Amino acid sequence: ISPDELQKAFYRIIIIRNIKIAIMRLISVLCSFLTPLLIDSLMNSFQNNQNPADIMSNDTELGEAYYWSLACILVLNMAISLLVDTFSGWQINKLKYEVSVLLKYLIYTKLMRTQELKSNCQNELNSDSNLHNLITGDTETVTGFFVSFHSTWGSGLSLIITIIILFIKV
């Protein structure tokens, strides 16, 4: 496999996986904010003893079905949120590992192909283990970006949604 093919695969991995992770994080954030809204709707219906059946007709079975459907939607929403959040965390760790392996390989092959750098590195570092430690440290710094990036935009979106909900409810 040529280095050019590896770089193309590297970019494909980064772009496709980051889009998938972003979609999963968006679903997780939206589900996490839908939960309090569903609980609020359910509690308001219980406190006011008002349900859609009382408005349309005197059918109490329809009112109970409304409560049960709201409760089921709430549980389903929480399950989806937990599953998507767990799966997105796993995808981020998987992406970090794949990018780390590819970066280590690309850096190491580039260093070994360049004879001048190879001789300078071996003279300065005196061992391959020091070279490996430097490469690992650099790749860990680069791959830490993925976690920080998705956490940052997810937190910003959560803050915006929280402010909107507070503005609507208060």
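One is the number of the first residue; the rest follow in order along the sequence. Nothing here was measured: the structure is a model prediction, and the numbers come from that model.
Between W90 and F87, the two ring planes are tilted [angle within 30° to 60°].
Note that the OG1 atom of T152 and the NE2 atom of H150 stand 10.0 Å from one another [nearest 0.5 Å]. The distance from the CZ atom of R25 to the CG atom of L157 is 9.5 Å, given to the nearest 0.5 Å. Atom OH of Y97 is separated from atom OG1 of T143 by 12.0 Å, given to the nearest 0.5 angstrom.
In this structure a side-chain-to-backbone donor-acceptor pair under 3.5 Å is missing from S81 to N77. With hydrogens and angles ignored, the 3.5 Å screen pairs a side-chain donor or acceptor of N18 with a backbone N or O of I14. In this structure, the side chain of S151 does not engage the main chain of S148 through any donor-acceptor pair within 3.5 Å. Between the side chain of S41 and the main chain of L37, no donor-acceptor pair closer than 3.5 Å is present.
Residue M78 is not grouped with residue L83 when hydrophobic side chains (ILVMFWY) are merged at heavy-atom distances under 4.5 angstrom, including chains of intermediate members. No path of Ile, Leu, Val, Met, Phe, Trp and Tyr side chains, each step under 4.5 Å between heavy atoms, connects F167 with I161, placing them in separate hydrophobic clusters. In the hydrophobic clustering of this structure, L159 does not group with V29; members are Ile, Leu, Val, Met, Phe, Trp, Tyr whose side-chain heavy atoms approach within less than 4.5 Å, directly or through other members. V142 and I92 fall within a single hydrophobic cluster, where Ile, Leu, Val, Met, Phe, Trp and Tyr are joined by side-chain heavy atoms under 4.5 Å apart, directly or via other members. Criterion: ILVMFWY side-chain heavy atoms under 4.5 Å apart, direct or through other members. Under it, V75 and L38 are not part of a common hydrophobic cluster.
Screening L103, L102, V101 for a side-chain contact (heavy atoms from CB on, under 4.5 Å) with V99, the sole residue that qualifies is L103.
Looking at every heavy atom in both residues, I80 comes nearest to C31 through CG2-SG, 3.9 Å.
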- Message: What verdict does the salt bridge (charged side-chain N to carboxylate O under 4.0 Å, His left out) test give for K96 and E140, after you've listed the backbone C-alpha separation in whole Å, the side-chain angles of each residue and the deciding distance to 0.1 Å?
- Response: CA-CA 8 Å; K96 277 179 55 177; E140 289 298 319; 5.0 Å; no
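Two residues are said to be in side-chain contact when any heavy atoms from C-beta on lie closer than 4.5 Å; I21 and M24 meet this criterion.
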